[in-house]
Amino acid sequence: MVVDNSSGVNRSVNEMQSQRLCDEEQQHHLLEQVSSPASLREATARVWFIQDGCGMVCAFITWFLVLYADFVVTFVMLLPSKSVAYAVVNGVLFNCLAVLALTSHLRTMLTDPGAVPKGNATKEYVSSLQLKPGEVLYKCPKCCSIKPQRAHHCSICKRCIRKMDHHCPWVNNCVGENNQRFFVLFTMYIAMISTYALVLSVLQFFTCVRTDWSECSDFSPPVAVLLIIFLFLEAILFLTFTAVMFSTQIQSICSDEMVAERLKNEKLKKGRRVRWDSMKTVFGGQPSLLWINPFAGLRLRKLITSQTLRAGPEFSV
């Protein structure tokens, strides 16, 4: 039996949630067929891009601000420095963190977050699952797909996303089962370079106050002051935003409860993972440096030789 979420409008919300919880045990092994590990590996091995105007503008602004910070730190603060060691060490560290942040942003934006195949709720597909009496599958009325447990429909991606946390315009994508790790790394590295930029800005300001402004930067004093002040304000804003998002994501992972589930007050009958198991599931395996490496699992050759598929607001490679 396939249940359409659009039917039964007159039923109360509590009755619908109660019915869904009662059927989760019966549908569990069927949902494993809908979202098998093989399909998850295939999803993470292809490029995914949401064609949303607002999201693309926000992603461009993110890259522009990170590159602006890198420009000010490198050309306004470090290169004019009289200490070569100070300039080299801080330049290498800051640029490495910037590369890691932008790579994490790309991986978050271009990774399929866990989209359920669109339009697979057909009679032929349902009959191929060989449902037993009393077994229930849920159908999303918006994208006409079999809806796995803990999946939610995104109105921007126009797809159901497995373990959807939220849709973030700054990465122009949903944060879901397959790309949550990259989003956590993105917020972490942005918070780190924001803190780094704040420290360097304060040091540069006091250094220039003690000496002649014309000697501490290759730019004129008014231009240098404006660039440093804008960087300082940008760093405070980015640090505040990303620190909050990072802590929220870590809390969601440890409690194994997505933001979408928390807002809808959804309860799992089978219970949630314990804190450490949830961390290993999201970041992959036992703790290692791969947890903080956004390049891990990147297969450029397979991405380049793949074909492009377009469907609705997103396209996949």
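Values in this document were obtained by computation on a predicted structure and should not be read as measured data.
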Between F183 and the options D165, V175, T111, the side chain to side chain contact (heavy atoms under 4.5 Å, CB included) test singles out V175
Cluster link V99 to V89, ILVMFWY, side chain under 4.5 Å = yes
Given the rule that I, L, V, M, F, W and Y join up when any side-chain heavy atoms are under 4.5 Å apart, are L203 and V92 in one cluster?
-> no
Taking D52 for the side chain and C157 for the main chain, is one N or O donor matched with an acceptor at less than 3.5 Å?
-> no
Criterion side-chain contact (heavy atoms from CB on, under 4.5 Å) on Q180 and Q249, from CA distance to verdict = CA-CA 8 Å; Q180 187 176 25; Q249 288 298 303; 3.0 Å; yes
Between the side chain of R159 and the main-chain N/O of V116, is any donor-acceptor distance below 3.5 Å?
-> yes
Answer yes or no: does atom OH of Y86 have more than 12 heavy-atom neighbours from other residues, nucleotides or ligands under 6.0 Å?
-> yes
S288 side chain to L290 main-chain N or O, any donor-acceptor pair under 3.5 Å?
-> yes
G91 backbone acceptor or donor facing N95 side chain under 3.5 Å = yes
Proximity of F230 and Y68 rings by center, below 6.0 Å = yes
Rounded distance [0.5 Å steps], SG in C208 versus CD1 in I228 = 5.5 Å
Atom pair CH2/CH2 of W170 and W63 - distance to nearest 0.5 Å = 15.5 Å
Main-chain N/O of T187 paired with H105 side-chain donor or acceptor, under 3.5 Å | no
Backbone N/O of V66 and side chain of D70: donor-acceptor pair under 3.5 Å = no
What closest approach, in Å, do F219 and F75 show between heavy atoms, and which atom pair accounts for it?
-> CE1-O, 3.8 Å
How many angstroms lie between CG in L185 and CD1 in I190, if you round to the nearest 0.5 Å?
-> 11.5 Å
From the list N178, N173, D112, side-chain hydrogen bond (donor to acceptor under 3.5 Å, both in side chains) with W48 holds only for N173
Under 4.5 Å between side-chain heavy atoms, hopping through other hydrophobics if needed: is there a path connecting L67 to L237?
-> no
K158 versus K142: any side-chain heavy-atom pair under 4.5 Å?
-> no
Answer with yes or no whether the hydrophobic clustering places F182 together with W291; edges join I, L, V, M, F, W, Y residues whose side-chain heavy atoms lie under 4.5 Å apart.
-> no
Evaluate the side-chain contact (heavy atoms from CB on, under 4.5 Å) criterion for residues S247 and I250: first the C-alpha distance (whole Å), next the side-chain angles of each, then the deciding distance (0.1 Å), finally the verdict.
-> CA-CA 5 Å; S247 59; I250 295 299; 5.8 Å; no
At what distance, to the nearest 0.5 angstrom, does CZ of F186 lie from OG1 of T62?
-> 5.0 Å
In Å, rounded to the nearest 0.5 Å, how long is the span from NZ of K163 to CD1 of I161?
-> 14.0 Å
To the nearest 0.5 angstrom, please state how far the CD atom of Q51 sits from the CE atom of M56.
-> 6.5 Å
Between S81 and A87, what is the shortest heavy-atom contact and its length?
-> CB-CB, 4.4 Å
Do F232 and F205 pass the side-chain contact (heavy atoms from CB on, under 4.5 Å) test, and can you show the C-alpha distance, the side-chain angles, and the key distance before you say yes or no?
-> CA-CA 11 Å; F232 185 84; F205 180 80; over 6 Å; no
Take I292 and M188 through the test side-chain contact (heavy atoms from CB on, under 4.5 Å) and record every step on the way to the result.
-> CA-CA 9 Å; I292 59 174; M188 182 184 73; 4.1 Å; yes
Within one Ile-Leu-Val-Met-Phe-Trp-Tyr cluster: I236 and L226, side-chain cutoff 4.5 Å | no
pair N179-R107: side-chain heavy atoms closer than 4.5 Å = no
Side-chain donor/acceptor of R162 to backbone N/O of A151, under 3.5 Å = no
